[in-house]
Amino acid sequence: MKKVIALLLCGAMMSSYVLCGCSSLIKKTEDNDEGETQTEETEASSGTEADETDPGPTKLQQVIDLYNTKQPEGKWGVPVFADGIRGNGSYSVHENSVYFYYSNLDRSTLQFNVDTNTMEVRFTFDLQFDDNTRYYGTNHDYIGVDQFESFIGDILEKNSSTVEIYDEAAWAVNEDKIKSDLPVYYSRLITLASKAFPELGFGIEDLGLDFGNKYRNVDPTQSTSTELTIKNDHKFEKGVCKECGMLWSEYYYETLEKLDKDTAKGEWHSVYGQASATMFSPSDYVQYSAYNKNWAELYYQYLEDTFEESCYIVVLNSNGTPFIDILFCYEMGTFPLGEGVFETRFKYILEFTAAPGEYDKVFESKESFAKYCKLQLRYTTDDEKKSDLYADKSEEEIKEMMANAKEKDCTYYTKEEIIDRFWEDYQRILASMDSGMVWMDTSLNDIGVNWKK
């Protein structure tokens, strides 16, 4: 399948890498009597009085160590999720900076970067609306770590003395929406920031930040002006509503039509879903698409430098009867077909077909998983001719083709090895696809993919 690389998908994550590299300043406190300066010490990580002989690591150092464990290359922010909150947060922490980012599913964002030497903050906001206007900007001068709440108030009041606004036009047409949406987004940021380091038992504010109290009681789970609340009144069983007979794919298409703001009624619709903690990487995503009421697609992608792992679920209705096809794919050796269009040289494909409601048999055991699996290793030439190497070539011939391919890092897996890989991974993949549909108020079980044990 051809792929068009969408750079926008990685923009939010890459910004966390770029912005956290701000130059650090020297943090000093003045002695009122002698005019001397001294470096401030950070509170001991235990939250109790430090042992002078062995103070242990500071909370900041604990978080730095945790971040380096989760992201040893410092390439991404570490994602943070909370039940009931659309979108997610992410953090990156280094010796000189603390970075936190919140994004909802409609591209509205709040983010801040704290210089840990000066404890000065750069706060950026970007509120996007359905009329394609944006109320976005930052602070003119750095704010203190105890000035978050007052700065949110300045944004809401359009205080030009402290807030640098990049587009004045959005205020006039969206003033009421700005004043209702920003407190919700900020409440979500507060909630997510408090859950940033569950392994350590504290959150972002414990590093010396103060988000204030005014917006803590704002319900972070409520919808903003750009977020639709979908209510599923149907009772789907094996892809059909027990009460009215509606096919699940019809409900799915109608829901996407409401959520997709870039297409007209009756067209192909597609939206990105809620990210979740079951994903393998911060760059993973789920996507939901439909051509019409009888053809639905669900997609999960896990992308690394040398391979791509994905899952497609296709739901097709034929004369009122749902048909479900699941494909797990592992691809290597990306090469260009044209401007912005790419293909992969080697693609392992595991295909599963079962009647709605009978997928529990597929996932009953690894032996059952292998039994139901139709497996191929697809090879694509420069002129897009495709063949199944498992069927056409010997193991030694395949290994030689991979070794001689101009694309690097192509690895041969036997049929047993690639089945083992997806047997290990399928629960996380399907859980992510399930979680991604939370705002659509449906699930894989509604389709008839009853995969949970």
Side-chain angles (χ1 to χ4, degrees), residues 12 15-16 18-20 22-25 27 40 60 77 80 85 87-93 96-104 107-129 133-172 174-196 203-220 222 224-226:
S15 67
S16 69
V18 174
L19 292 177
C20 68
C22 295
S23 60
S24 60
L25 303 176
K27 176 183 170 185
E40 293 183 353
L60 176 60
V80 185
I85 291 182
N88 63 279
S90 67
Y91 72 85
S92 59
V93 183
N96 298 325
S97 63
V98 175
Y99 173 86
F100 194 83
Y101 174 93
Y102 166 73
S103 176
N104 81 336
R107 300 186 295 277
S108 290
T109 63
L110 299 180
Q111 55 189 328
F112 63 81
N113 195 23
V114 182
D115 187 312
T116 56
N117 290 317
T118 64
M119 297 305 278
E120 292 177 322
V121 180
R122 174 66 67 189
F123 192 99
T124 303
F125 61 95
D126 188 347
L127 278 60
Q128 303 200 25
F129 300 95
T133 59
R134 297 165 61 194
Y135 181 60
Y136 65 115
T138 187
N139 42 317
H140 278 301
D141 300 309
Y142 288 105
I143 62 173
V145 291
D146 59 348
Q147 294 177 306
F148 282 93
E149 183 178 284
S150 61
F151 186 68
I152 294 296
D154 288 338
I155 298 172
L156 290 170
E157 294 300 324
K158 198 170 172 283
N159 185 346
S160 59
S161 65
T162 56
V163 184
E164 181 178 358
I165 301 168
Y166 298 139
D167 188 351
E168 296 282 349
W171 178 268
N174 293 298
E175 180 179 353
D176 291 342
K177 294 178 182 179
I178 292 168
K179 290 184 175 180
S180 63
D181 290 355
L182 182 56
V184 176
Y185 293 138
Y186 185 58
S187 179
R188 291 177 184 179
L189 182 148
I190 293 172
T191 302
L192 289 163
S194 70
K195 299 177 180 295
I204 291 282
E205 282 187 284
D206 293 278
L207 298 180
L209 285 65
D210 183 1
F211 296 140
N213 296 313
K214 183 176 181 179
Y215 301 100
R216 290 183 191 274
N217 293 328
V218 175
D219 180 6
Q222 65 182 289
T224 63
S225 65
T226 64

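Position 1 is the first residue of the sequence; numbering continues from there. No experiment lies behind these values; they were computed from the predicted model shown.
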For the side chain of Asp115 and the backbone of Thr118, is there at least one donor-acceptor N/O pair under 3.5 Å apart?
-> yes
Decide yes or no for Asp126 and Arg134: does some side-chain heavy atom of the first lie under 4.5 Å from some side-chain heavy atom of the second?
-> yes
Quick one: salt bridge (charged side-chain N to carboxylate O under 4.0 Å, His left out) partners of Asp181, sequence neighbours excluded?
-> none
Do Tyr215 and Ile152 have side-chain heavy atoms sitting under 4.5 Å apart?
-> yes
Please confirm whether Phe125 and Tyr185 have ring centers closer than 6.0 angstrom.
-> no
Look only at the side chain of Arg188 and the backbone of Pro220, and say whether a donor-acceptor pair between them is shorter than 3.5 Å.
-> yes
Is any side-chain heavy atom of Val114 closer than 4.5 Å to a side-chain heavy atom of Tyr142?
-> no
Okay, side chain of Tyr102, backbone of Ser108: is any donor-acceptor separation there less than 3.5 Å?
-> no
Verify side chain to side chain contact (heavy atoms under 4.5 Å, CB included) between Ile155 and Tyr135, making sure each step is shown before the conclusion.
-> CA-CA 10 Å; Ile155 298 172; Tyr135 181 60; 3.6 Å; yes
Can I get a per-line list of side-chain donor-acceptor pairs under 3.5 Å for residues 162-169, giving both atom names and the distance, sequence neighbours left out?
| from | atom 1 | to | atom 2 | distance (Å) |
| --- | --- | --- | --- | --- |
| Thr162 | OG1 | Asp154 | OD2 | 3.0 |
| Asp167 | OD1 | Ala169 | N | 3.0 |
| Glu168 | OE1 | Lys158 | NZ | 2.7 |

Could you give me the CA-CA distance, side-chain angles and deciding distance for Phe123 and Phe148, then say whether side chain to side chain contact (heavy atoms under 4.5 Å, CB included) is met?
-> CA-CA 8 Å; Phe123 192 99; Phe148 282 93; 3.8 Å; yes
Apply the test side chain to side chain contact (heavy atoms under 4.5 Å, CB included) to residues Tyr136 and Leu127: give CA-CA distance (whole Å), side-chain angles for both, the deciding distance (0.1 Å), then the verdict.
-> CA-CA 6 Å; Tyr136 65 115; Leu127 278 60; over 6 Å; no
When you measure from the side chain of Glu175 to the backbone N and O of Ala172, does any donor-acceptor pair fall under 3.5 Å?
-> no
Can you tell me how far CG of Leu182 sits from CG of Leu156, rounded to the nearest 0.5 angstrom?
-> 4.5 Å
Side chain to side chain, Tyr101 and Leu110, heavy atoms closer than 4.5 Å | no
Report yes if the side chains of Val121 and Asn113 come closer than 4.5 Å at any heavy-atom pair, otherwise no.
-> no
State, with a plain yes or no, whether a side-chain heavy atom of Phe112 is found less than 4.5 Å away from one of Arg122.
-> no
Check: Lys214 main-chain N/O paired with Glu149 side-chain donor or acceptor under 3.5 Å | yes
Just by modelled atom types, is the Pro183 backbone N or O under 3.5 Å from a matching donor or acceptor in the Ser187 side chain?
-> no
Please tell me if the side chains of Leu189 and Phe100 come closer than 4.5 Å, counting only heavy atoms from C-beta onward.
-> yes
Under the side chain to side chain contact (heavy atoms under 4.5 Å, CB included) test, residues paired with Ile190 that sit two or more places apart = Tyr186, Phe211, Arg216
